[in-house]
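Here's the structure we're looking at; comments come further down.
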Amino acid sequence: MAKGVLGIILCPMVDDNLTYCLKKDQDQKRVIVVNNEYCGPIKRKLEGIGQEYELAGWKAMLNGMFDFDRNSYNIVIYSLNLGLHSKPDFLKSKVEEVATEMQWFVDGIGFYLGTCGNYQWDPSRWCREKGFKPSVTFHDKCGNLCDDCVGINIAGGPKYNELQQKYTGHFYLFPAMAQNYDDFMEADQAEAAATEACLTDEMREVLGIEPGRDGYIRWLFSLGNYEYVLKIDTGLGDRETFDRDVENVAKRTGLKVKVADNYWADLQPTEDLYAECKALLKD
């Protein structure tokens with residue numbers, strides 16, 4: 001039985017992976033969600049699986065105004081801004097900041113996120129080097145780091161290279177990516193809007209750029225010779241809306257839908273990470 005406090009630093013792009021494991025885990029647990037502007041998705045997901053949770057302010061928690069029963073299993077979830085994927089240096093600094101702030105009250109940390117452009121940055125290794133509490137993150141069965149949310153859902157590392165070689169010129173869509181398409185693409189909204197603002201009607205006509213943000217995205221995909229969205233069904237997320245979300249993305253991007261075979265989706269990193277998180281709290 002796990003005892004103590006597990007801190008989880010969560011990107012909304014992998015909250016399906018976390019709630020899947022929480023639902024499977026029949027052990028008694030107290031789930032506390034840090035009440036910030038990015039916690040809405042995980043709250044909805046927890047409610048969707050019938051998992052009770054409490055809300056707590058981050059400052060109150062850091063100031064010792066929140067009590068934990070160290071003889072029971074406590075999970076504290078801190079949600080990040082999904083848009084940080086577009087700014088790897090800010091993502092890295094934010095994750096390290098939150099992990100540092102957590103140290104005094106947690107017994108271990110689970111990093112539920114991809115490294116997203118921070119090549120070879122392993123937050124759990126960083127914690128070890130700092131002498132922090134033990135921590136774990138997503139990896140494949142050989143211990144290779146899963147670098148982003150696609151890699152997490154296909155058991156990344158070398159397998160990611162296989163996927164890119166087999167499906168070159170494809171936009172990869174697993175359930176969370178399809179659901180969070182707008183938030184994912186708008187992470188660099190300010191830069192994209194500034195670029196679009198510089199385009200005259202004549203320039204759009206010459207370049208073949210249709211009006212609106214979707215038109216601009218379709219043009220960018222065409223430059224990379226993208227033809228398909230690749231539907232990777234992990235079995236996670238909202239099953240009723242996945243097909244609809246994929247069709248919506250395909251329509252807006254002007255890409256055709258191709259369905260990946262069952263070989264690609266893999267929950268091994270998801271299953272292993274949660275088991276390792278609980279093991280951090282074992283007597």
Side-chain angles (χ1 to χ4, degrees), residues 11-17 40-41 44 81-88 91 114 116-117 146-154 156 159-266:
C11 172
M13 197 64 84
V14 292
D15 56 16
D16 287 334
N17 305 71
R44 290 191 294 273
N81 176 2
L82 185 151
L84 287 176
H85 77 88
S86 68
K87 297 178 173 62
L91 170 65
C116 298
C146 293
D147 291 305
D148 62 16
C149 50
V150 176
I152 289 166
N153 286 291
I154 66 167
K159 193 174 176 185
Y160 205 158
N161 293 331
E162 289 182 53
L163 182 73
Q164 291 174 316
Q165 292 171 18
K166 182 173 178 63
Y167 296 109
T168 304
H170 291 63
F171 180 48
Y172 307 136
L173 285 180
F174 50 94
M177 178 65 82
Q179 181 183 43
N180 293 303
Y181 173 77
D182 282 319
D183 288 340
F184 181 83
M185 299 303 282
E186 288 176 8
D188 61 350
Q189 175 65 31
E191 292 85 349
T195 301
E196 288 184 71
C198 296
L199 298 172
T200 64
D201 291 340
E202 290 77 15
M203 291 171 66
R204 286 181 178 276
E205 183 175 355
V206 170
L207 294 172
I209 304 176
E210 302 169 69
R213 184 71 196 280
D214 285 349
Y216 184 67
I217 294 297
R218 285 193 288 272
W219 176 68
L220 289 178
F221 276 132
S222 71
L223 292 182
N225 294 318
Y226 279 67
E227 296 184 42
Y228 299 93
V229 295
L230 183 66
K231 180 181 177 183
I232 304 172
D233 191 352
T234 60
L236 303 180
D238 188 338
R239 311 310 303 152
E240 294 182 4
T241 64
F242 183 38
D243 289 343
R244 185 181 67 204
D245 289 340
V246 170
E247 291 298 332
N248 177 54
V249 173
K251 180 178 179 180
R252 292 174 60 184
T253 57
L255 303 175
K256 294 171 284 188
V257 177
K258 185 181 292 185
V259 179
D261 63 45
N262 293 334
Y263 165 75
W264 296 104
D266 195 331

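Every heavy atom of this structure was used, including side-chain atoms; hydrogens, water molecules and symmetry mates were not.
Looking at residues two or more places apart in sequence or on another chain, you find no ring pair (Phe, Tyr, Trp, His ring centres under 6.0 Å) involving F242. Residues forming a side-chain contact (heavy atoms from CB on, under 4.5 Å) with D261 (at least two apart in sequence, or on another chain): Y263, W264. For Y228, there are no side chain to side chain donor-acceptor pair (under 3.5 Å) partners two or more places apart in sequence or in a different chain. The salt bridge (charged side-chain N to carboxylate O under 4.0 Å, His left out) search around D148 returns none, not counting sequence neighbours. N180 is linked by a side-chain contact (heavy atoms from CB on, under 4.5 Å) to M13, L82, A176, D183, counting only residues two or more places apart in sequence or in another chain. For N81, there are no side chain to side chain donor-acceptor pair (under 3.5 Å) partners two or more places apart in sequence or in a different chain. With sequence neighbours left out, Y160 forms a ring pair (Phe, Tyr, Trp, His ring centres under 6.0 Å) with no residue at all. The side chain to side chain donor-acceptor pair (under 3.5 Å) test applied to D266 returns no partner, not counting sequence neighbours. D238 is linked by a salt bridge (charged side-chain N to carboxylate O under 4.0 Å, His left out) to nothing, counting only residues two or more places apart in sequence or in another chain. Shown here are the side chain to side chain donor-acceptor pair (under 3.5 Å) partners of D15, two or more places apart in sequence or in another chain: K45. In this view, D147 satisfies the salt bridge (charged side-chain N to carboxylate O under 4.0 Å, His left out) rule with no residue, not counting sequence neighbours.
Residue pairs meeting the salt bridge (Lys or Arg N to Asp or Glu O under 4.0 Å) criterion with at least one partner in residues 227-237, sequence neighbours excluded, are K231-D243, D233-R239.
Atom OH of residue Y172 and atom CG of residue N153 lie 13.5 Å apart, to the nearest 0.5 angstrom. The CG atom of L255 sits 10.5 Å away from the CD1 atom of I217 when rounded to the nearest 0.5 Å. One finds the OG1 atom of T253 at 6.0 Å from the OH atom of Y181 (value rounded to the nearest 0.5 Å). Distance check, rounded to the nearest 0.5 Å: CG of L220 to CE of M185 gives 7.5 Å.
When V246, L230, V150 are each tested for a side-chain contact (heavy atoms from CB on, under 4.5 Å) with L173, only one passes: V246.
Residue A250 comes nearest to V257 through the heavy atom pair CB-CG2, 3.6 Å, listed as atom of the first residue, atom of the second, then distance. Heavy atoms only, all atoms of each residue included: D245 and A178 are closest at CB-CB, 3.7 Å. Across all non-hydrogen atoms, the minimal contact from R218 to K251 is NH1-O, 4.3 Å. When all heavy atoms of C146 and G151 are compared, the pair lying nearest together is SG-O, 3.7 Å. Taking each heavy atom of Y167 and K258 in turn, the nearest pair found is CE2-CD, 3.9 Å. The nearest pair of heavy atoms linking K159 to I154 is CD-O, 2.9 Å.
A donor-acceptor contact shorter than 3.5 Å links the side chain of H170 to the backbone of T168.
Residues V249 and F171 have side chains in contact (heavy-atom distance under 4.5 Å, counting atoms from C-beta outward). Counting heavy atoms from C-beta on, the side chains of L91 and H85 never come closer than 4.5 Å.
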